[in-house]
Amino acid sequence: MEQRKFTYFFFGDLGPSDMYLQDDPRSYLTHAADGILTDVINAGPFQLGYREACEQYSSALTNGLIRAGLFRVEKGALLLDSTVILREDVLALSDFFQGKIPLLAAGLEACIPELYAAVRMLNNGFDEKANLYHLLCGAVLDGRFFDYLSGLELLADSRLHPSGLDYLIVVYEDCPILNRFSNRLLCSYNRLSDGKRALQSFGDADGARIDFYRFLCQKRMGRVPAALKMIEADWDAIEGEAVTTRISDALQRFDETGDCPEAYRRLFVDFGYISNGRYLVPVYRQGAEVVVERLLSIAKDCIGGEIVRLLGGTELFFRLRCFAHGVPKEEIANEAYHILFGLLNEELATRGIIQSPSYRPGEGRYMKSIELF
């Protein structure tokens, strides 16, 4: 049978750290895993033995993928242990979301006066549509709403692994028919954060963004593209311990004084956050937290009940192939919600309710912002 290809995503904080490479799931979830994953899927639940997989693909790779959380062993067989979306799932996904997204968008459209009034409190030099993109589509739908739904036990937003890392794995088959449900949805955050301050970008996954978070991942894995060698030279000037904290401190200093050490300033320019001593992106300080909470309240009132109903049912999950392997419904619901709000964000952009990010060749569509709260 044809070998499938896959794209691997993570939900959680996998920021570059001093973890051993053997504990980093990104060192295993590469195209080297495509063959064994294809065999597990094509064979079906309980049909591919653990020992057989070790013999064919090596025990190092098989055990690494088990430790990372892609597979588990049950009754001597290798089973999926994370959400995997396949070409066979497209019909179920299309059927489930068709007609539902316009209704959700209409619910938010009816609340435009309240939504715009909330972000006007910021007075940060960016209009309502730009601020709603970052704060409603990003901070709320791809942030606080997860907490809300997790609190209702409708989805999982956490899974602790033997490595001590906390993340969920989501895998998509790499085929054209699935692009609309993964690469081209406005549902992906990249955040370099120390927990309080963040240099971030929000958009789709249709390319290789040039941002702090992605670059640090590439640097740590020794995979910096040739096109970014000039940025790498600037990066090497600050390389060392506690790099995220030092970058955040330099950002805080720039925000408070308009100046920071030259090596950090060059990086802020390289990644498109400042130019000529001025911000190029929205900056959200402590006052923005009140606005985010207000937007969350509006969203829950306008569309919360319908989203709870959609994720609380079983209509979709029983039709997805990975559910038959025993992957928890709550983890699959995490990705179902990603698809839902990604499609919703697209609809909001189409209706002109939020700013639509421009496409950057090779990088996809996204916009950057800064959090200092």
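What's counted below: heavy atoms across the whole structure, side chains too, no hydrogens, waters or symmetry copies. Quantities reported herein were computed from a predicted structural model and do not represent experimental measurements.
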Enquirer: Taking only residues at least two apart or on different chains, which pairs with a member in residues 325-342 satisfy salt bridge (Lys or Arg N to Asp or Glu O under 4.0 Å)?
Expert: Arg159-Glu331

Enquirer: Does any pair with a residue in residues 306-344 pass disulfide (SG to SG under 2.5 Å), and if so which ones, sequence neighbours excluded?
Expert: none

Enquirer: Would Lys300 and Phe145 count as a cation-pi pair here, with the cationic atom under 6.0 angstrom from the ring centre and within 45° of the axis?
Expert: no

Enquirer: Just jot down the ring pair (Phe, Tyr, Trp, His ring centres under 6.0 Å) partners of Phe317, sequence neighbours excluded, or say none.
Expert: none

Enquirer: Between Glu363 and Arg209, does any NZ, NE, NH1 or NH2 come within less than 4.0 Å of an OD or OE carboxylate oxygen?
Expert: no

Enquirer: Just to verify, what does His338 make a ring pair (Phe, Tyr, Trp, His ring centres under 6.0 Å) with, not counting sequence neighbours?
Expert: Phe11, Phe146, Phe341

Enquirer: Backbone N or O of Ala205 within a donor-acceptor pair of the Arg365 side chain at under 3.5 Å?
Expert: no

Enquirer: Taking NZ, NE, NH1 and NH2 as the nitrogens, is one of them in Arg285 or Asp255 under 4.0 Å from a carboxylate oxygen of the other?
Expert: yes

Enquirer: The criterion is side chain to side chain donor-acceptor pair (under 3.5 Å); which residues satisfy it with Arg72, sequence neighbours excluded?
Expert: Glu74

Enquirer: Per the side-chain hydrogen bond (donor to acceptor under 3.5 Å, both in side chains) rule, what does the pair list look like for residues 259-275, sequence neighbours excluded?
Expert: Asp234-Arg266, Arg246-Tyr264, Glu262-Arg265

Enquirer: Verify the ring-centre separation between Phe202 and His134: is it less than 6.0 angstrom?
Expert: no

Enquirer: Whether the side chain of His161 engages the backbone of Ala68 through a donor-acceptor N/O pair (distance < 3.5 Å, no angle test) should be reported.
Expert: yes

Enquirer: Got a sec, which pairs hit side-chain hydrogen bond (donor to acceptor under 3.5 Å, both in side chains) with one end in residues 118-129, sequence neighbours left out?
Expert: Arg120-Glu128, Asn124-Asn131

Enquirer: Does a side-chain N-to-carboxylate-O contact under 4.0 Å join Glu232 and Lys219?
Expert: yes

Enquirer: May I ask you to say whether Arg294 pairs ionically with Glu114, meaning some side-chain N is under 4.0 Å from a carboxylate O?
Expert: no

Enquirer: For Glu153, does the CD atom have more than 12 heavy-atom neighbours from other residues, nucleotides or ligands under 6.0 Å away?
Expert: no

Enquirer: Between Arg197 and Asp194, is there a salt bridge with N-O shorter than 4.0 Å?
Expert: yes

Enquirer: Could you list all the side-chain hydrogen bond (donor to acceptor under 3.5 Å, both in side chains) pairs where at least one residue sits in residues 91-111, not counting sequence neighbours?
Expert: Asp95-Arg319, Glu109-Arg351

Enquirer: Filter on disulfide (SG to SG under 2.5 Å), then keep only pairs touching residues 221-301, sequence neighbours left out; what's left?
Expert: none

Enquirer: Restricting to ring pair (Phe, Tyr, Trp, His ring centres under 6.0 Å), what partner residues turn up for Phe254, sequence neighbours left out?
Expert: Tyr279

Enquirer: For Phe318, enumerate each residue passing the ring pair (Phe, Tyr, Trp, His ring centres under 6.0 Å) test, keeping only those at least two apart in sequence or located in another chain.
Expert: Phe323

Enquirer: Take atom CD1 of Ile177 as the centre, draw a 6.0 Å sphere, and report whether it contains more than 12 heavy atoms from other residues, nucleotides or ligands.
Expert: no

Enquirer: Under 30°, 30 to 60°, or over 60°: which ring-plane class applies to Phe9 and Tyr172, parallel, tilted or perpendicular?
Expert: perpendicular

Enquirer: Using the test salt bridge (Lys or Arg N to Asp or Glu O under 4.0 Å), find all partners of Lys196 that sit at least two apart in sequence or belong to another chain.
Expert: none

